[in-house]
Every structure is written in structure tokens, then in C-alpha cells.
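Naming: A, B, ... by sequence-line order, numbering from 1 per chain.
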2 protein chains.
Amino acid sequence: MQDENRLIAQSLSYRLATASRFLINRLNRNFKENDLSITYEQFRIMIRLWKEDGLTQGQIAALTGKDEPSVSRLINNMIKRNLIKRLPHPEDRRTNLIFLTEEGKNIQHDLYVQYRKTTEEALQGVSASELDTCLKVLDTVTKNLA
Amino acid sequence: MQDENRLIAQSLSYRLATASRFLINRLNRNFKENDLSITYEQFRIMIRLWKEDGLTQGQIAALTGKDEPSVSRLINNMIKRNLIKRLPHPEDRRTNLIFLTEEGKNIQHDLYVQYRKTTEEALQGVSASELDTCLKVLDTVTKNLA
DNA sequence: CGGGGATACTTGCATAAACAAGCTTATGGG
DNA sequence: CCCATAAGCTTGTTTATGCAAGTATCCCCG
């Protein structure tokens, strides 16, 4: 009980949510300030497409840990921004295949530069072993709640 | 550069955002399943009011790290759910004072029970020292980006 | 080969955040 | 005493998530 309360007093949820929000906000701001018209969540989809173009929406959902409605609407937004195209599957009319546009391919480098820069900013003063431990805890939390 | 890439490869942002999302989702679900009609973000405002009733919206914003528009709309939702009341400040008509309703006072215990339970679920298998390190890293990230 | 269930996706509705812009009320300097 | 400015809050728009429900297509089993 004592130990329990000690854990609670540290307000894991608040500190976790705050750090996450700050990091995502900074990523979004750094993208924007460098004329990269994309959000972090869209960037996460781009990462998958740079690895393998022509995925279905369901595959993207599974790979990014998003649900299908989220992917559907993110893709709508990304099409508006001319990052990707949605093409019907040649054999299965239920399915769409998502492809990068030229612009979507071209911004990869610049996005990674900003991504790297922002992660470095965030991790100033954090040692490699502290980061390892932190990531391990985050993964445990995720696994416990999955 | 090598060290830098090592850090990046660990995708801090993804793991941070995922753990955060899972924890908040679980909190929201556990509240709901126990007939507590409140969200985690609203709960964070309640915590402040249990400590000190009759705060202004600006004070709540400052104390919870939210912006004023967010607080304004969260408070609208909380009034609909009969958790709090918004009363005009007796001397400054620009200002509102926010007070707990009876219901808002009464659910404090039950909310903390669920909050505690969920945090314990999340932290299964995490040692006290690992948690300390993780929280320290999260705070550093927040501070670096503030 | 036809119908029912599964699959892939979309839409609707609620919550919440970020940011800009608007409105009302206070207040201090001239 | 009045006006410009500041303070406190609200509204509008965009982005994203969660969950429920709807639509279209496919496919297998009897």
C-alpha cells in the first residue's frame, strides 16, 4: 500500500502525456517551420511507405498501430497535401493501395533531418543507459495495457 | 553521428506517444466501465479543484498546463456532466470561478481507486528504480522542449 | 450457384489539442 | 475622465483519436 501510493504520487500518466505532447508538438512545429506540410502522424505513415510502397490501408493501420478509421481519414488529408495517392486494388475492389507521390518521395530526406534534430533536442542531457531504461519501461507499459 | 543514429533508430517519439495513448485510453475505459462519467483530462482538472475549490479558468489552465481554449471547452463538458459549476466572479466580471458540485466532490474516492488500479496495471513488472529513471528522462524531455 | 459471414473501408458522433482571432471588462497613463 | 492597452474568456478552424455503425465486395460452404 505504501509502495503503491508512492508510485501513484509520481503521476506517471501526467508526466508521460506531457512529455509525449511536447515532443509531438515540437515535431509538428519543426516540420511546419521548415515548410514541410505534414504532421507527425502523417509522417509515421510515410515512414512505412518509404519502406514499402503500395500498402493497403489495413496494412498501414496494422503497421502503425492506428485503427482503420484513423488511417482512412489521415490518408484523405495526405492526399489533399499531395503526399500520396489512393488507387483501387486491381483484383479486390474492397481494397485500396496507397502510393507515394513524387513529392512524397522527395521530402523524405528533409523530414528525417527535422525528425533527427527534434529528437536530439528532446534528449539533451539524457545518457544512453537512461534512455534505454526509459524506453524499456515505456514498452512494458504499452505491453501491459495492450 | 553514429550515436545520433542509434538514438533515432529507437524511435522515442513513437514509443512515447504509444505508451501515453494506451495509458490514457485505459484510464478512460476504466472510468467508464465503473460508471464514472468523466475523462482523464477532466479528471486532471478535478484534482486541482479537490485541492482548492473556486479557481479561475486561467488558474486551472496554468496549473494543468493546458491552454485557455482547452480549459474553456473542458469546463463546458464538465458542467454538462454535472461535475462542476461556473459562477461569475463577484468583483471582476471578466472572470469565472469554478466550483465542484456535490457529485463532483463525491466521486473523488472512486476516481482515485480507478486511477490507482490503472497505474498499477501499467507498471506491472517495472521496478522502482527503473520507474524513477524513466520519469527523470520524461521530465528532461519536457524541460528540453518547454 | 446462391446466401451468409468475413473483410476492407467509410461515416457519424464525441472528445481533446493547437493556434488565431474575437469579445467583454478592467485599469492605468495622460 | 477617457482612451489605449491588457486581461480573461470564447469561438472558429484544423488535426487526430476512439468507438459504433454502415456500405461494398469477396469468398466459402452447403
Side-chain angles (χ1 to χ4, degrees), chain A residues 13-14 17-33 37-45 55-62 64-81 83 86-98 145-146, chain B residues 13-14 17-33 36-45 55-62 64-81 83 86-98 145:
Chain A
S13 53
Y14 173 62
T18 302
S20 174
R21 191 160 48 85
F22 275 51
L23 180 52
I24 304 309
N25 285 353
R26 180 62 63 94
L27 278 164
N28 282 328
R29 202 196 318 158
N30 283 349
F31 286 157
K32 190 170 187 180
E33 284 176 0
S37 176
I38 192 171
T39 66
Y40 171 68
E41 298 304 339
Q42 295 173 8
F43 172 65
R44 280 187 47 209
I45 291 181
L55 295 169
T56 68
Q57 296 188 194
Q59 288 174 319
I60 291 172
T64 57
K66 298 180 181 303
D67 69 0
E68 299 230 11
S70 293
V71 169
S72 177
R73 287 186 261 232
L74 278 169
I75 283 175
N76 290 342
N77 290 338
M78 293 166 79
I79 290 171
K80 281 185 205 147
R81 296 181 186 195
L83 297 168
R86 179 193 267 135
L87 299 179
H89 191 291
E91 285 154 23
D92 184 344
R93 280 192 291 168
R94 294 170 304 178
T95 308
N96 300 318
L97 298 179
I98 309 300
L145 301 178
Chain B
S13 53
Y14 172 63
T18 302
S20 175
R21 192 160 48 83
F22 274 53
L23 180 53
I24 304 309
N25 285 354
R26 180 62 63 93
L27 278 163
N28 282 329
R29 203 196 316 159
N30 283 349
F31 287 157
K32 190 170 187 181
E33 284 176 0
L36 296 164
S37 177
I38 192 171
T39 67
Y40 171 67
E41 298 305 338
Q42 295 174 7
F43 172 65
R44 279 187 47 210
I45 291 181
L55 295 169
T56 68
Q57 296 188 194
Q59 288 175 318
I60 291 172
T64 56
K66 299 182 179 300
D67 69 1
E68 300 229 14
S70 294
V71 169
S72 178
R73 285 186 260 234
L74 278 169
I75 282 176
N76 290 343
N77 289 339
M78 293 167 80
I79 289 171
K80 281 185 206 149
R81 296 180 186 195
L83 296 168
R86 179 191 268 134
L87 300 178
H89 190 292
E91 285 153 25
D92 186 342
R93 281 193 291 170
R94 292 172 303 180
T95 309
N96 299 318
L97 299 180
I98 308 300
L145 302 177

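- Regarding A:Gln57, its CD atom lies at a distance of 19 Å from the P atom of D:dT23, rounded to whole Å.
- For A:Arg81, taking side-chain heavy atoms from C-beta onward, the closest of the listed nucleotides D:dT15, D:dC9, D:dT10 is D:dT15.
- For the residue pair B:Leu97 and B:Pro90, the shortest heavy atom distance occurs at CD1-CD, 4.1 Å.
- Residue A:Asn28 holds its CG atom at 9.5 Å from NZ of A:Lys32, rounded to the nearest 0.5 Å.
- Backbone-only engagement by B:Gln42 is indicated by non-hydrogen atom pairs under 4.0 Å involving sugar-phosphate atoms exclusively.
- Atoms CG (A:Asp92) and P (C:dA6) sit 17 Å apart, rounded to a whole Å.
- The shortest side-chain heavy-atom distance between B:Arg81 and B:Thr39 falls under the 4.5 Å cut-off.
- Comparing A:Gly58 and A:Arg21 along DNA chain C, the residue whose closest nucleotide (by nearest heavy atom) sits nearer the 5' end is A:Gly58.
- The separation between B:Arg73 atom CZ and C:dA18 atom P is 12 Å, rounded to whole Å.
- If you measure from atom CD of A:Glu68 to atom C1' of D:dG22, you get 14 Å, rounded to the nearest angstrom.
- Here NZ of A:Lys80 is found 13.0 Å from CE of A:Met78. Values are rounded to the nearest 0.5 Å.
- Between A:Lys66 and D:dA16 there is no side-chain N or O to OP1 or OP2 distance below 4.0 Å.
- Looking at A:Tyr40, its side chain does come within 3.5 Å of a backbone N or O of B:Tyr14 through a donor-acceptor pair.
- One finds the CG atom of B:Leu55 at 10.5 Å from the CD1 atom of B:Ile45 (value rounded to the nearest 0.5 Å).
- Shown for residues 22-33 of chain B: no residue has heavy atoms falling under 4.0 angstrom of DNA chain C.
- Comparing C:dA26, C:dT10, D:dA16 against the side chain of A:Asn96 picks out C:dT10 as the nearest.
- Comparing atom distances between the A:Asp67 side chain and each of C:dA26, D:dG18, D:dT25 picks out D:dG18 as nearest.
- Put simply, CD1 on A:Ile75 is 15 Å from P on D:dT15, counting in whole angstrom units.
- D:dT15 atom C1' lies 18 Å from atom CZ of A:Phe43, rounded to whole Å.
- The separation between B:Leu55 atom CG and D:dC9 atom P is 11 Å, rounded to whole Å.
- The side chain of A:Asn77 approaches D:dA16 more closely than any other nucleotide in the set D:dA16, C:dA8, C:dT10.
- Within the 4.0 Å cut-off from OP1 or OP2 of C:dA16, not a single side-chain nitrogen or oxygen of B:Ser70 is found.
- Taking for each of B:Lys80 and A:Ser72 the nucleotide of DNA chain C with the nearest heavy atom, the 5'-most of the two is the partner of A:Ser72.
- B:Asn76 places a side-chain heavy atom less than 4.5 Å from the side chain of B:Arg86.
- Side-chain atoms of B:Pro69 lie closest to D:dT11 of the nucleotides D:dT11, C:dC9, D:dA20.
- The residue among A:Glu41 and A:Glu91 whose nearest nucleotide of DNA chain D is located toward the 5' end is A:Glu41.
- When rounded to the nearest whole Å, the span between NE2 of B:His89 and P of C:dA26 equals 10 Å.
- Looking only at side-chain heavy atoms (C-beta outward), B:Thr64 and B:Leu74 stay at 4.5 Å or farther from each other.
- Candidate nucleotides D:dA24, C:dA16, C:dT10 were compared by shortest atom distance to the side chain of A:Arg94, and D:dA24 ranks first.
- Within the structure, every side-chain polar atom (N or O) of A:Gln59 is placed at least 4.0 Å from both OP1 and OP2 of C:dA8.
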